[in-house]
Amino acid sequence: MGSRRVLVRLRVRRYFCDRKSCSRKTFVEQVPGLSERHRRSSTGLTGWLRSIAVELGGRPAARLCRRLRLVAGRTRLLRLLTAPPVPDRAPRVLGVDEFAFRKGCTYGTVLVDVEAGRVVDVLPDRTSETLAAWLTEHPGAEIICRDRASAYTDPRELHQTGEKAQVASSRQGLDGLQDYYELAA
């Protein structure tokens with residue numbers, strides 16, 4: 001196989017329903033471990049593409065797929081990603097940082113579980129009101145690690161949410177949040 005393209009021709013049975021009340025007129029047999037409903041690729045290939053998309057994102061993942069001779073564009077790869085469920089409670093140590101959806105125009109807020117090192121949620125803007133509303137809906141944050149951005153510095157709104165401590169860092173990113181968490185803990 002190596003540099004050769006492989007095409008799998010699969011024959012499956014198609015069943016028809018004669019009942020007038022049936023909303024589905026045809027049924028196609030699925031092969032476990034190879035095919036899924038409405039898929040144009042195998043489950044194994046879909047798993048590989050999902051792993052690449054999780055690790056690299058859109059355009060870098062598409063470049064790697066081209067090098068590996070896998071047919072997948074950035075939009076297909078991004079569609080394979082599913083958002084993790086947002087927990088009911090905030091993590092004990094919550095990292096807060098802003099990021100640009102579009103640099104200079106639109107900014108959002110990323111919330112990170114500092115202890116687990118994973119993203120908890122993404123907020124649509126970078127205002128302290130939105131952050132305070134999220135913290136009210138998701139209680140449990142004991143320490144909030146944030147940078148010194150003016151968007152999150154309104155102490156009245158964050159104090160109403162019941163968090164116990166805030167750690168403001170001058171660094172950007174998760175590494176800075178981790179360092180300050182270790183100092184606070």
Original post:
What is the minimum heavy-atom distance between Ala141 and Ile144, and which atoms define it?
Top reply: CB-CG1, 4.3 Å
Subject >> Single-linkage hydrophobic cluster Leu78~Ile52, side-chain heavy atoms < 4.5 angstrom >> reply: no
Subject >> Spatial distance of atom OG1 (Thr43) from atom CZ (Arg50) [nearest 0.5 Å] >> reply: 10.0 Å
Original post:
Taking the hydrophobic residues Ile, Leu, Val, Met, Phe, Trp and Tyr, and joining any pair whose side-chain heavy atoms are under 4.5 Å apart, which ones share a cluster with Tyr107?
Top reply: none
Original post:
Should Val71 and Leu68 be regarded as members of a common hydrophobic cluster, given that ILVMFWY residues are connected when their side-chain heavy atoms come within less than 4.5 Å of each other, either directly or indirectly?
Top reply: no
**OP:** Identify, with sequence neighbours excluded, every residue that meets salt bridge (Lys or Arg N to Asp or Glu O under 4.0 Å) alongside Arg13.
**Re:** Glu29
**OP:** Output the distance between atom OG1 (Thr106) and atom CG (Asp125), rounded to the nearest 0.5 Å.
**Re:** 10.5 Å
Original post:
With side chains defined as the heavy atoms from C-beta onward, is the minimum distance between Leu49 and Ser51 less than 4.5 Å?
Top reply: no
Original post:
If you take all heavy atoms of Ala90 and His138, which pair is closest and at what distance?
Top reply: CB-O, 3.1 Å
**OP:** Determine the sole option in Asp97, Val96, Val122 for which the side chain to side chain contact (heavy atoms under 4.5 Å, CB included) test with Leu111 is passed.
**Re:** Val96
Subject >> Phe99-Val112 co-clustered via ILVMFWY side chain contacts under 4.5 Å >> reply: yes
**OP:** Measure the shortest side-chain to side-chain distance between Pro91 and Glu115 over non-hydrogen atoms and say whether it is less than 4.5 angstrom.
**Re:** no
Original post:
Do Thr127 and Thr130 have side-chain atoms, one donor and one acceptor, less than 3.5 Å apart?
Top reply: yes
**OP:** State yes or no: do Phe16 and Val12 share one hydrophobic cluster built from I, L, V, M, F, W and Y residues joined by side-chain heavy-atom distances below 4.5 Å, directly or via other members?
**Re:** no
Original post:
Do Asp113 and Leu94 have side chains that get closer than 4.5 Å, going by heavy atoms?
Top reply: no
**OP:** Measure across Arg74 and Ala62 and return the closest heavy-atom pair with its distance rounded to 0.1 Å.
**Re:** N-CB, 3.9 Å
Original post:
Leu77 and Ala53: which non-hydrogen atoms are nearest, and at how many Å?
Top reply: O-CB, 3.5 Å
Original post:
With the 4.5 Å side-chain cut-off for hydrophobic clustering, are Leu45 and Leu80 part of the same group?
Top reply: yes
